[in-house]
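Everything on this sheet refers to the single structure shown next.
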Number of protein chains: 2
Amino acid sequence: MARVTIQHVAQAAGVSPSTVSNFLNDRQGRMVAATRARIEAAIAELGYRPNRAARQLRNGKTQTVGLVVPSVGNPFWGAFAHEVEVAALALGCSVLLCNSERDPERERRYVEELWEDGVRSIILCTSLPSLDHVSHVIEEGLRLVTFDRPAQPNDPQSVVSISIDNNVGGQVATAHLLELGHTSIAFVSGSIRSVNRSARYRGYCDALEAAGLSVADMPQWTGMDASHFGDVEAAEVGRAAARDLFADPTNAPTAVVAINDMTALGFCRGLRDLGLKVGRDVSVIGFDDIILADLYDPPLTSVRQPITRMAQLAVSEAIERGSNESTDPGSSVLLRPELVVRESTEHVPSAARP
Amino acid sequence: MARVTIQHVAQAAGVSPSTVSNFLNDRQGRMVAATRARIEAAIAELGYRPNRAARQLRNGKTQTVGLVVPSVGNPFWGAFAHEVEVAALALGCSVLLCNSERDPERERRYVEELWEDGVRSIILCTSLPSLDHVSHVIEEGLRLVTFDRPAQPNDPQSVVSISIDNNVGGQVATAHLLELGHTSIAFVSGSIRSVNRSARYRGYCDALEAAGLSVADMPQWTGMDASHFGDVEAAEVGRAAARDLFADPTNAPTAVVAINDMTALGFCRGLRDLGLKVGRDVSVIGFDDIILADLYDPPLTSVRQPITRMAQLAVSEAIERGSNESTDPGSSVLLRPELVVRESTEHVPSAARP
DNA sequence: TGAAATCGGTGTAACGATGCACTGACCATA
DNA sequence: TATGGTCAGTGCATCGTTACACCGATTTCA
């Protein structure tokens, strides 16, 4: 059963391969309706599907979009990857999956390899402040969409970002805790040297200051810089933070803003290790609103990222802008996060702390 | 900056493109050491990387392995996909990701598309008892590795399976609950019409019978057949099951074997809705041992699948057997699952049930 | 010593799709 | 009736790599 090629279709339709090619590439104005119909019929009858490799070889592009995430093992990234695949499928594209493990060098290598393999659209979930490590590929024409990393002042013009407003998110989360009467609020994160993380942190600081509180007075977890954990181990960060913060009860917070839900969940687990109850003893708020936030006991309050919408935006920016040959400069999007209040945040305990 | 092709390398090394091609394809016995060295040097100096599209067009194969999972949005599949990517990377392959949503038709379409796009190795995470829907592609030479679905008697010869022994898993889980004194144990699952699920169920039945108990006497959850939920919504199944099973307290179990951790977690959430406490009131055991099992409150007892090992096996079967042109018939693997006891399972409450 | 085998390497025709330059046929205008 | 302009469609070279057939120069051995 030999492959059916464009020649077979041409023969069956009584035209030349060129005409079939024109048909396939939407240059249909160049032919009369009857021809179009004959070609259509021939394609259907023979079950013809264009050969990707040949197309790619000829015009140097794939219909594939590259997706570079820190790790699909992390439920948040898994969920995002899922949405990306769904959105790409709807536009007739496949998704090539890469896990960077948040290693800039791996990011660079993946982006370069994808580029050299003809992938012209990449959704890069990076947290690095600078895109220097991939800028030379961008200059050559890569359509890069960064996710979870808002556009930065000195990003190349063509780069599009899809992200929530992390600063607002940090503020909303912190404000929520303040409204519940908390005045001792810690911020728990792994390494903060990333665009979105520092934005969330700034939001936290802003909200505290707006309430007349000083960040310096808050319990600090200093383990964050030492963190060498990847995204899969995000929960370990939270667990360690709980252990450390409550080692000295006089310095213990009554509430915590965690950098994401996995870390928040790890923190909750750490509290449990210490015999403390989430909500009643310590309020915990996370980021992302992964499925498990709602499943947890107690259900976790979280700042939601609308990943379905974000994935659709990312994919359409990556693919459709590609077809227009960058006619428009591309528009970065900064979505408003949404606070989802559940039971892990409660009023500050009125009784004196032990 | 034009692409550097095999011709450039040939010219730089003072040989013909054919020789460079021979070099690249490990037919190095056909040339003298000095030539080999010159080619090596030229490749290094020019930074030559073979063009995948051209290679694929020429010999009809990719270096890509297809991965079809129900949904990477489910943490278990996300974690597995991660391990697969890591293992594939180590062997120099990329991973093309597809979500079947457990829809046989989508499975078929994905497998066919991958095949037609030159992908010759696919890891298919399916639960369907029959592989008929993809058998014609297998006959054409696809190397198919099924995961989470043990080999079936009438599978095509060339198909390799990587799975845990689900029957044993079901037995181990159930035996654990029996040892804790439970005699009213329900089995909670979405649609059971899948190989691994029914094996787990049989294991559950076997363990009960071995203990002199009758499955018919156990509380039954009948919602399972009606379930139309996908893998992302697995938790919903558990939640619904809890609601239904405890609607009639006289029929309520003291322990539950859930088909997987997500469903178990959903069940725990459902118990919470009802004001019941996991462990103390009702013991819950899951399958898979996803990261979140350990994070949960209480930490979830689970039957572990060694996914790192399994992913490595799957990838090496998919890729390396490919290179040997099926010299050996391929060996299916049935790994022994491991029970991980945590705190969601406790002794049956001695007090009379309400 | 002559025929055959081996060695190290080359020439060439594909793989399938594409897009530019082109060709007739037809129509409109001067 | 020349001239020019559309229109519908075609021919061909090309993308980068590979496998097969082939070639000249040694070496082997009967």
Side-chain angles (χ1 to χ4, degrees), chain A residues 1-40 42-43 46-64 113 115-120 323 325, chain B residues 1-40 42-43 46-64 113 115-120 323 325:
Chain A
M1 193 167 97
R3 221 182 186 297
V4 30
T5 77
I6 204 170
Q7 275 86 358
H8 300 132
V9 175
Q11 204 170 351
V15 292
S16 79
S18 304
T19 303
V20 180
S21 174
N22 284 333
F23 173 87
L24 291 171
N25 292 277
D26 279 333
R27 273 180 290 275
Q28 305 187 1
R30 301 204 157 284
M31 70 197 67
V32 87
T35 311
R36 202 168 13 239
R38 285 209 317 282
I39 295 176
E40 229 155 24
I43 288 177
L46 299 173
Y48 166 75
R49 275 173 39 88
N51 180 316
R52 284 199 187 207
R55 277 193 150 161
Q56 179 177 344
L57 174 60
R58 184 58 234 246
N59 46 26
K61 306 175 185 183
T62 344
Q63 278 291 80
T64 302
E113 277 177 18
W115 171 258
E116 293 193 351
D117 288 346
V119 175
R120 292 293 167 263
S323 56
E325 284 301 335
Chain B
M1 192 168 101
R3 225 184 183 294
V4 29
T5 76
I6 206 170
Q7 274 88 357
H8 301 133
V9 175
Q11 203 170 352
V15 292
S16 78
S18 305
T19 304
V20 179
S21 173
N22 284 332
F23 173 88
L24 291 170
N25 292 278
D26 279 332
R27 274 179 290 275
Q28 306 187 1
R30 301 203 156 283
M31 70 198 68
V32 87
T35 310
R36 202 167 15 238
R38 284 209 316 284
I39 295 176
E40 232 155 22
I43 287 177
L46 300 173
Y48 167 75
R49 275 172 41 85
N51 179 315
R52 280 198 188 208
R55 275 193 152 164
Q56 180 178 342
L57 174 59
R58 183 56 233 238
N59 48 26
K61 304 175 186 183
T62 344
Q63 277 292 84
T64 303
E113 276 176 20
W115 171 259
E116 293 192 351
D117 288 346
V119 175
R120 291 294 167 265
S323 56
E325 284 302 335

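Chain identifiers are assigned alphabetically (A, B, ...) following the order of the sequence lines, protein sequences preceding nucleic acid strands; residue numbering begins at 1 within each chain.
Nucleic acid contact class of Val20(B) (heavy atoms, under 4.0 Å, all strands): none. Within 4.0 Å (heavy atoms only), Thr19(B) reaches at least one base atom of the nucleic acid. Across all strands shown, Asn25(B) has heavy atoms under 4.0 Å from sugar-phosphate atoms exclusively, and none from any base.
Residues forming a side chain to side chain donor-acceptor pair (under 3.5 Å) with Arg52(B) (at least two apart in sequence, or on another chain): Asp117(A), Ser94(B). Residues meeting the side chain to side chain donor-acceptor pair (under 3.5 Å) test with Thr64(B), sequence neighbours left out: none. Applying the side chain to side chain contact (heavy atoms under 4.5 Å, CB included) rule to Gln11(A) yields no partners; only residues at least two apart in sequence or on another chain are considered. Residues meeting the side chain to side chain contact (heavy atoms under 4.5 Å, CB included) test with Ala42(B), sequence neighbours left out: Val9(B), Ala12(B), Ala13(B). Ser18(A) is linked by a side chain to side chain donor-acceptor pair (under 3.5 Å) to nothing, counting only residues two or more places apart in sequence or in another chain. With sequence neighbours left out, Glu113(B) forms a side chain to side chain donor-acceptor pair (under 3.5 Å) with no residue at all. The salt bridge (Lys or Arg N to Asp or Glu O under 4.0 Å) search around Glu116(B) returns Arg49(A), not counting sequence neighbours.
Minimum heavy-atom separation, Pro17(B) to Gln7(B): CG-CG, 4.2 Å. Shortest non-hydrogen contact noted between Thr5(A) and Tyr48(A) is C-CE1, 3.5 Å.
When each of Asn59(B) and Asn22(B) is assigned the nucleotide of DNA chain C bearing its nearest heavy atom, the one mapping closer to the 5' terminus is Asn22(B).
dT14(D) atom P lies 14 Å from atom CG of Leu57(A), rounded to whole Å. With rounding to whole Å, Ile6(A) atom CD1 is found 19 Å from dC15(D) atom P. Distance His8(A) NE2 to dG16(C) C1': 10 Å, rounded to the nearest Å. For the pair Gln11(A) CD and dG16(C) C1', the interatomic distance rounds to 15 Å; values are reported in whole Å. Between Lys61(A) atom NZ and dA17(C) atom P there is a gap of 18 Å when expressed in whole angstrom units. Atom CD in Glu116(A) sits roughly 13 Å away from atom P in dG16(D) (whole-Å rounding). For the pair Phe23(B) CZ and dG16(D) P, the interatomic distance rounds to 21 Å; values are reported in whole Å. Spacing between atom CZ of Arg38(B) and atom P of dG8(C) amounts to 13 Å, rounded to whole angstrom units.
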Under-3.5 Å N/O pairs linking protein and nucleotides 11-14 of chain C:
{"residue": "dG11(C)", "atom": "N7", "partner": "Ser18(B)", "partner atom": "OG", "Å": "3.2"}
{"residue": "dG11(C)", "atom": "O6", "partner": "Ser18(B)", "partner atom": "OG", "Å": "2.9"}
{"residue": "dA14(C)", "atom": "N3", "partner": "Arg58(B)", "partner atom": "NH1", "Å": "3.1"}

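Of all nucleotides listed (dT18(D), dG19(C), dG16(C)), dT18(D) comes nearest to the side chain of Ser21(B).
Of all the residues in residues 47-56 of chain A, Tyr48(A), Pro50(A), Asn51(A), Ala54(A), Arg55(A) reach under 4.0 Å from DNA chain C with at least one non-hydrogen atom.
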